[in-house]
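Since we're looking at a predicted model, the values are computed, not measured.
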Amino acid sequence: MNDGKPCSSSETDALMRDKPSHLHQSLKNYIRTALIAIITASIAVIIFASAFDPCNNPLDPDVRERIRKAWNIELRQHEKEVLQRSDTHKRWRLEDNDRIHLREQWGTEVEEHSREMERLKRDENRTREQWKKEEDGHEREVEERRKHEEEERLRLNMFWTDPTSHTCTTYATREYTARLVNVPSYYNRRVEACMATPIKIHGVEYMPKWCEDHGPNYVTGHWEVDQNEPDCASYWTWYKDFGCTSPGSGQRLIEHYLENIPSGGDWKEFCATTPVSFRGMHFTGAQICFKNNGATWGHWVFDDESCK
């Protein structure tokens, strides 16, 4: 408060200190504003320079020429792509047409194949019918000829004489022969008559196995009789189990000795045809035959789980 007294030195000092602070703040604001203006102007200049660069100025003939060349390149590229697509579409159409044509051709071939198969089937049926007719005719002819020969044989009273037994040929089987008599000299179907004339051996009728024709009085029939021939029945003895053929082989070896081989008989034939049963199995003969010190032996090798 001023009462007409002069201000004291302390109050004057406080006022003097406030003035420089206000000026300092104003100066800072001014500098900030100036910097913002400078930055804004710089950005504007850069944008303007970019927009109105002589190298990109559309009013410049060189720029327009460069743009025109670029457009021409793009146009030619586009035309090329259009031609390529057109060629691709054309190729696709041709391929579609080829597939359609091929499908039609396949259909035609299938129809032709079906017709050909039907024709072949008809031909096959006709051929079978013809074969059947020929076969039936042949069978009728054979049957008629057999009946005629039988009637003629009975009329001529052909019969067997001099039946003779021979050596044993195989297990329990002996060969027999006999001579056919009452065969006329003019008769030219002697073998057929021989094969159609039975003979009784051991009370059983047998037809010849084969015949030999050496003239009207020398027609010989051959028989192989496999019944009631005990002297031809060989048999196995001395069963011996040799065990597994080798460790892990899964096979076992059995040996037998062959007894009662007929005099004059082929030991190999009798070994291979003399039956035997063992260990729940049946064999029509030995698998392996061999001689040892004049004796005939047989071996059998078979699968055995206990040898695995």
Quiz item: Atom CD of Glu111 and atom CH2 of Trp106: how far apart are they, to the nearest 0.5 Å?
Solution: 15.0 Å
Exercise. Kindly check if the number of other-residue, nucleotide or ligand heavy atoms within 6.0 Å of CE (Met117) is above 12?
Key: no
Quiz item: What is the ring orientation for His256 with Phe278, classed by angle as parallel under 30°, tilted 30 to 60°, or perpendicular over 60°?
Solution: tilted
Practice problem: List the steps, then state whether side-chain contact (heavy atoms from CB on, under 4.5 Å) holds for Arg140 with Glu143. | Solution: CA-CA 5 Å; Arg140 284 194 299 271; Glu143 180 64 18; 5.7 Å; no
Quiz item: With the 4.5 Å side-chain cut-off for hydrophobic clustering, are Ile261 and Phe283 part of the same group?
Solution: yes
Quiz item: Which residue pairs pass the disulfide (SG to SG under 2.5 Å) test when at least one of the two sits in residues 272-308, sequence neighbours left out?
Solution: Cys244-Cys307, Cys271-Cys289
Exercise. Look up atom OG1 in Thr173 and atom CD in Gln227, then write down how far apart they are to the nearest 0.5 Å.
Key: 9.5 Å
Quiz item: Are any non-hydrogen side-chain atoms of Arg85 and Val82 less than 4.5 angstrom apart?
Solution: yes
Quiz item: Is Met158 close to Val181 at the side-chain level, that is, under 4.5 Å between some pair of heavy atoms?
Solution: no
Self-check item: Pair Glu269-Thr170, side-chain donor/acceptor within less than 3.5 Å
Solution: yes
Quiz item: If you round to the nearest 0.5 Å, how far is NE2 of His214 from CZ of Arg190?
Solution: 11.0 Å
Quiz item: Ser185: what forms a side chain to side chain contact (heavy atoms under 4.5 Å, CB included) with it, not counting sequence neighbours?
Solution: Pro216
Practice problem: Look only at the side chain of Trp236 and the backbone of Ser277, and say whether a donor-acceptor pair between them is shorter than 3.5 Å. | Solution: no
Quiz item: Salt bridge or not for Glu305 and Lys308, using N-O below 4.0 Å?
Solution: yes
Exercise. Measure the spacing between NZ of Lys69 and CZ of Arg66 and express it to the nearest 0.5 Å.
Key: 10.0 Å
Exercise. Tell me whether Trp223 is reachable from Val204 by hopping between hydrophobic residues (I, L, V, M, F, W, Y) whose side-chain heavy atoms are closer than 4.5 Å.
Key: yes
Quiz item: Would you call Arg91-Asp87 a salt bridge at under 4.0 Å N-O?
Solution: no
Exercise. For Ser165, enumerate each residue passing the side chain to side chain contact (heavy atoms under 4.5 Å, CB included) test, keeping only those at least two apart in sequence or located in another chain.
Key: Arg174, Tyr176
Self-check item: Worked verdict on Lys209 versus Glu175 for side-chain contact (heavy atoms from CB on, under 4.5 Å)
Solution: CA-CA 10 Å; Lys209 189 78 172 182; Glu175 181 184 7; over 6 Å; no
Quiz prompt | Shared hydrophobic cluster for Leu180 and Tyr186 (ILVMFWY, side-chain gaps under 4.5 Å) | solution = yes
Quiz item: Side chain of Asn182, backbone of Asn157: donor and acceptor closer than 3.5 Å?
Solution: yes
Self-check item: Where Ala286 and Gly298 come nearest, the two heavy atoms and their spacing
Solution: CB-CA, 3.8 Å
Quiz item: Is the number of heavy atoms from other residues, nucleotides or ligands within 6.0 Å of NE2 (His202) greater than 12?
Solution: yes
Self-check item: Candidate pair Arg128 and Lys132, rule side-chain contact (heavy atoms from CB on, under 4.5 Å), full reasoning
Solution: CA-CA 6 Å; Arg128 286 181 177 177; Lys132 187 67 169 58; over 6 Å; no
Practice problem: Any ring-ring contact (aromatic ring centres under 6.0 Å, His included) involving residues 108-144? Give me the pairs, sequence neighbours left out, ordered by first then second residue. | Solution: none
Practice problem: I would like to know whether Trp160 and Cys194 meet side-chain contact (heavy atoms from CB on, under 4.5 Å); could you show each step before the answer? | Solution: CA-CA 9 Å; Trp160 295 107; Cys194 171; 3.3 Å; yes
Quiz item: In this structure, which one of Tyr239, Phe242, Tyr257 forms a ring-ring contact (aromatic ring centres under 6.0 Å, His included) with Trp297?
Solution: Tyr257
Self-check item: Distance, nearest 0.5 Å, that separates CD of Glu259 from CH2 of Trp238
Solution: 7.0 Å
Practice problem: Following the transitive rule for hydrophobic clusters with a side-chain heavy-atom cut-off under 4.5 Å over Ile, Leu, Val, Met, Phe, Trp and Tyr, establish whether Leu94 and Leu102 coincide in one cluster. | Solution: no
Practice problem: For Thr177 and His222, test the side chains for any donor-to-acceptor distance below 3.5 angstrom and give the result as yes or no. | Solution: no
Quiz item: Side chains of Leu258 and Trp267: closer than 4.5 Å at any heavy-atom pair?
Solution: no
Self-check item: Distance in Å, Ile201 CD1 paired with Glu224 CD, rounded so as to fall on 0.5 Å steps
Solution: 11.0 Å
Quiz item: Would you say Val276 and Tyr171 are hydrophobically clustered, going by side-chain heavy atoms of ILVMFWY under 4.5 Å?
Solution: no
Practice problem: Might you point out which heavy atoms bring Ala193 and Thr197 nearest each other, and give the distance in Å? | Solution: O-OG1, 2.6 Å
Quiz item: Considering all heavy atoms of both residues, which atom of Cys232 and which atom of Phe270 are nearest to each other, and what is their separation?
Solution: O-CE2, 3.3 Å
Quiz prompt | Contacts of type salt bridge (charged side-chain N to carboxylate O under 4.0 Å, His left out), residue Glu144, not counting sequence neighbours | solution = none
Quiz item: For Lys268, does the NZ atom have more than 12 heavy-atom neighbours from other residues, nucleotides or ligands under 6.0 Å away?
Solution: no
Practice problem: Can you sort out the partners of Asp241 under salt bridge (charged side-chain N to carboxylate O under 4.0 Å, His left out), two or more places apart, ordered by chain and number? | Solution: Arg252, Arg279
Quiz prompt | Salt-bridge criterion met for Lys121 and Glu118 (N-O under 4.0 Å) | solution = no
Self-check item: Which atom of Ala196 lies closest to which atom of Pro198, heavy atoms considered
Solution: O-CD, 3.5 Å
